[in-house]
Each structure stands twice: as structure tokens, then as C-alpha cells.
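What follows is a short report on a single structure.
Scope of the values below: all heavy atoms of this structure, side chains included, with no hydrogens, waters or symmetry mates. When a ligand or atom number is given, it counts from 1 through the structure's own listing order.
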Amino acid sequence: MNIILLGPPGAGKGTQAALLVKKYGIPQISTGDMLRAAVQAQSPMGIEAKKHMNAGGLVPDNVVIGIVRERLGEDDCQDGFILDGFPRTGPQADSLKQVLAELGKTLDSVISLQVDTDALVVRLTGRRTCTDCGKGFHLQFDPPAEDGKCSSCGGELMQRDDDTEATIRNRMKVYQQQTAPLEDYYRKEGLLVVVDGMGDISTVKQTILAALQDC
Ligand code: ADP
Ligand code: AMP
């Protein structure tokens with residue numbers, strides 16, 4: 001199953017992708033995670049990406065397209081993949097189409113999570129991530145069993161550098177301008193499924209699973 005999770009920052013793409021990985025045994029491809037790994041490794045790409053990420057802007061298309069192209073060609077994507085945070089612009093969507101055609105693959109569904117702006121801000125400011133295994137939590141909605149500690153591996157939880165209120169506002173603006181038009185793009189292709197992302201994590205999961213049953 002080849003899926004895209006679309007939606008603004010904080011909509012729950014990473015959270016739902018992790019649940020779909022468990023359910024279908026296919027990999028999550030998060031461009032945000034891959035870019036953060038490059039930042040952490042201080043690679044030339046990471047150093048360049050960091051400037052854009054900390055300002056809440058987008059990393060240039062050619063950089064992101066390059067990493068996705070490489071990732072989709074790997075063996076574990078043979079039976080499917082969940083794209084989380086890609087594509088985010090028209091050129092990225094066009095490139096994805098081309099890459100998939102080259103690999104002899106097609107998309108099955110584009111799930112667009114709908115969440116109010118106020119709820120997004122609450123979700124992002126309360127988001128915490130494990131520094132060791134990358135598992136996501138929320139201080140209020142999905143808290144760890146022990147303060148500051150990952151319930152899965154015991155690692156230390158941290159707040160992302162870009163989850164500050166000023167950066168969040170810019171990321172929302174960028175989403176509206178550059179990424180929201182992709183809803184129309186995929187609606188025209190007959191792939192778009194709009195999902196109410198305002199429910200709790202398990203309710204949203206059930207809605208997504210029901211939508212994917214038709215694929
Ligand atoms: P995205 O990947 O779309 O940026 P995340 O999956 O990281 O968003 O979710 C952002 C934050 O909101 C996380 O802290 C997560 O635990 C929390 N969250 C995700 N889905 C829900 C939900 N349905 N209700 C409440 N909080 C949620
Ligand atoms: P995310 O983890 O999806 O919230 O992404 C964090 C940041 O990484 C974004 O604000 C962008 O700066 C960058 N990023 C992630 N995915 C992309 C993409 N597809 N195109 C451009 N920039 C991206």
C-alpha cells in the first residue's frame with residue numbers, strides 16, 4: 001500500500017504513520033525525520049537544511065526530492081510506504097509522480113488530516129520526542145508514564161527547536177501557501193481522502209483504517 005499523509009504541522013501525520021507502520025509492516029518515510037538526522041550528523045546537507053528548518057521555512061525542493069528518490073528505491077519499500085511530510089510543494093508532487101513511474105509504482109491514497117489552527121498550536125507546543133528512539137508524545141494528550149522519559153525505551157524526551165510559537169505561525173503560513181494546494185492536486189487525481197483529525201488518536205486511526213479498506 002503506497003500512501004501519503006497530508007496535513008499541516010501538528011495534524012498527527014507522524015503519530016498516525018507510526019500506527020500504520022505497526023498495522024501494515026511498511027516503512028514510514030518522514031522527510032522531517034531524515035532532515036533532522038542530517039542536521040544532527042552536521043552533514044553539508046544538514047547544515048544547509050537547518051537554516052530553513054529553524055526559520056519554519058521549507059528546505060529547497062531539489063534537496064528533499066533527492067533524499068526521497070533514494071529512499072523509495074530501497075528494498076523495504078517494495079511492498080509499500082507511508083510518506084509523511086512529503087510532498088509539500090507542487091514541484092515535489094510532480095517529481096514524486098515521475099520517481100514512482102520510474103519505479104513502476106503508483107499511489108493508492110492521499111489522506112488529508114483536517115485540524116483547527118488553535119488545536120495545532122496546542123499540539124505542537126506540547127509535543128515531545130524521544131532523543132533515542134524518536135517516539136512522539138504529547139504532554140496532555142499522549143503523556144509518557146514518567147515525566148521526561150520515553151515509555152518505550154527510557155530515553156530522554158526533548159522539545160523540537162522549531163516547535164516554538166513564532167516558528168509555528170510561520171510553518172502554518174508556509175503550509176497554507178505551498179502545501180494546501182496539493183489537496184486539489186490529488187483530488188483531481190481521484191486519490192484524496194479528507195479525514196477529520198480533531199478526534200483523539202485512536203478515533204483518527206480508526207477513520208484512516210476505514211478509508212484504507214477501499215484501497
Ligand atoms: P505532525 O507529524 O503532523 O507534525 P504529530 O504526529 O507529531 O504531527 O503530532 C503533533 C502532536 O500532537 C504530538 O505531540 C502528538 O502526540 C499529538 N497528537 C497527534 N494526534 C493527536 C490527536 N488526534 N489528538 C491529540 N493530540 C494528538
Ligand atoms: P516536519 O517534521 O514534517 O514537521 O518537518 C520539519 C521541517 O523540515 C519543515 O518545517 C521543513 O523545514 C523541513 N521539511 C520537511 N519535509 C519537507 C519537505 N517535503 N519539503 C521541504 N522542507 C521539508
inquiry  = Are L100 and Y186 linked, directly or through intermediate hydrophobic residues, by side-chain heavy-atom contacts shorter than 4.5 Å (ILVMFWY only)?
reply    = yes
query = Considering only protein heavy atoms, which is closest to atom 9 (O) of ligand 1, and at what distance to one decimal place?
reply = T15 OG1, 3.6 Å
query = What residue and heavy atom of the protein are closest to atom 16 (N) of ligand 2, and at what distance?
reply = T31 OG1, 2.8 Å
request  = Go through ligand 1 atom by atom and flag the ones less than 4.0 Å from a non-hydrogen atom of A11.
outcome  = 3 (O), 8 (O)
task = Look at the side chain of Q178 and the backbone N and O of G90, then say whether any donor-acceptor pair between them is shorter than 3.5 Å.
result = no
ask   = Heavy-atom count around K50 NZ within 6.0 Å, excluding the residue itself: above 12?
value = no
message = Tell me whether G136 reaches ligand 1 (any heavy atom closer than 4.0 angstrom to a ligand atom).
response = no
key: Any donor-acceptor pair under 3.5 Å from D116 side chain to D118 backbone   = no
message = For Q159 versus T125, what's the shortest heavy-atom pair and its separation?
response = NE2-O, 3.2 Å
task = Decide whether an N or O pair under 3.5 Å exists between P9 and ligand 1.
result = no
request  = Verify the neighbour count for atom CD of E74: are there more than 12 heavy atoms of other residues, nucleotides or ligands below 6.0 Å?
outcome  = yes
inquiry  = Using a strict threshold of under 4.0 Å (side-chain N to carboxylate O), is an ion pair present between R171 and D163?
reply    = yes
inquiry  = Heavy-atom count check: over 12 atoms from other residues, nucleotides or ligands less than 6.0 Å from E189 CD?
reply    = yes
ask   = More than 12 foreign heavy atoms under 6.0 Å from CG of D200: is that the case here?
value = yes
query = Got the closest protein heavy atom to atom 8 (O) of ligand 1, with its distance?
reply = G12 N, 3.2 Å
inquiry  = Using a 4.0 Å cut-off to any heavy atom of F137, which atoms of ligand 1 qualify?
reply    = 13 (C), 14 (O), 16 (O)
message = Taking distance alone, with N or O pairs closer than 3.5 Å, would you say L124 contacts ligand 1?
response = no
request  = Decide whether an N or O pair under 3.5 Å exists between G10 and ligand 1.
outcome  = yes
request  = Would you mind reporting whether L212 and I111 have side-chain heavy atoms less than 4.5 Å apart?
outcome  = yes
ask   = What is the closest protein heavy atom to atom 12 (O) of ligand 2, and at what distance does it sit?
value = G57 O, 2.6 Å
request  = Looking only at protein heavy atoms, identify the closest one to atom 12 (O) of ligand 1 and say how far it is in Å.
outcome  = R123 CB, 3.4 Å
query = Is a side-chain donor-acceptor pair under 3.5 Å present for E183 with Q114?
reply = yes
message = Only heavy atoms of F141, strictly under 4.0 Å: list the atoms of ligand 1 that pass.
response = 25 (C), 26 (N)
request  = List the closest protein heavy-atom neighbour of atom 8 (O) of ligand 2: residue, atom name, distance to the nearest 0.1 Å.
outcome  = M53 CE, 3.5 Å
message = Check contact between G7 and ligand 1, using heavy atoms of the residue and a distance below 4.0 angstrom.
response = no
key: ligand 1 contact on L113 by region, counting heavy-atom pairs under 4.0 Å   = neither
ask   = Going by distance only, is there an N or O of K13 that falls short of 3.5 Å from an N or O of ligand 1?
value = yes
ask   = Just which atoms of ligand 2 are under 4.0 Å from any heavy atom in R160?
value = 1 (P), 2 (O), 4 (O), 6 (C)
key: N170, CG: over 12 other non-hydrogen atoms inside 6.0 angstrom   = yes
remark   = Nearest heavy-atom approach of L107 to L191 is O-CD2, 3.6 Å
note = The protein heavy atom nearest to atom 2 (O) of ligand 1 is G14 N, 2.9 Å
query = Any idea which protein heavy atom is nearest atom 18 (C) of ligand 2, and the distance to it?
reply = R88 CD, 3.4 Å
Within-cut-off N or O pair, R127 and ligand 1, under 3.5 Å = yes
message = Is there a polar contact, in the sense of an N or O pair closer than 3.5 Å, between F86 and ligand 2?
response = no
message = At under 4.0 Å between heavy atoms, is it the side chain or the backbone of L35 that contacts ligand 2, or both, or neither?
response = side chain
ask   = With backbone taken as N, CA, C and O and side chain as the heavy atoms from C-beta onward, which portion of L58 lies under 4.0 Å from ligand 2: side chain, backbone, both, or neither?
value = both
Pair D94-Y185, side-chain donor/acceptor within less than 3.5 Å = yes
query = Taking both backbone and side-chain atoms of R36, is any N or O found less than 3.5 Å from an N or O belonging to ligand 2?
reply = yes
task = Classify the contact between R171 and ligand 2 as side chain, backbone, both or neither, using a heavy-atom distance cut-off of under 4.0 Å.
result = side chain
ask   = Looking only at protein heavy atoms, which one is nearest to atom 20 (N) of ligand 2, and how far off is it?
value = Q92 NE2, 2.9 Å
query = Is V64 reachable from L72 through a run of I, L, V, M, F, W or Y residues, each pair having side-chain heavy atoms under 4.5 Å apart?
reply = yes
ask   = Just heavy atoms, cut-off under 4.0 Å: does Q178 contact ligand 2 by side chain, backbone, both, or neither?
value = neither
note = Closest to atom 22 (N) of ligand 2 among protein heavy atoms sits V59 N, 3.1 Å
note = heavy-atom search around atom 23 (N) of ligand 1 in the protein gives G199 O, 2.8 Å
remark   = Closest non-hydrogen atoms of L113 and K13, given as atom of the first, atom of the second and distance, are CD1-N, 3.8 Å
ask   = Can you name the nearest heavy-atom pair linking R36 to S30, along with the distance?
value = NH2-OG, 4.5 Å
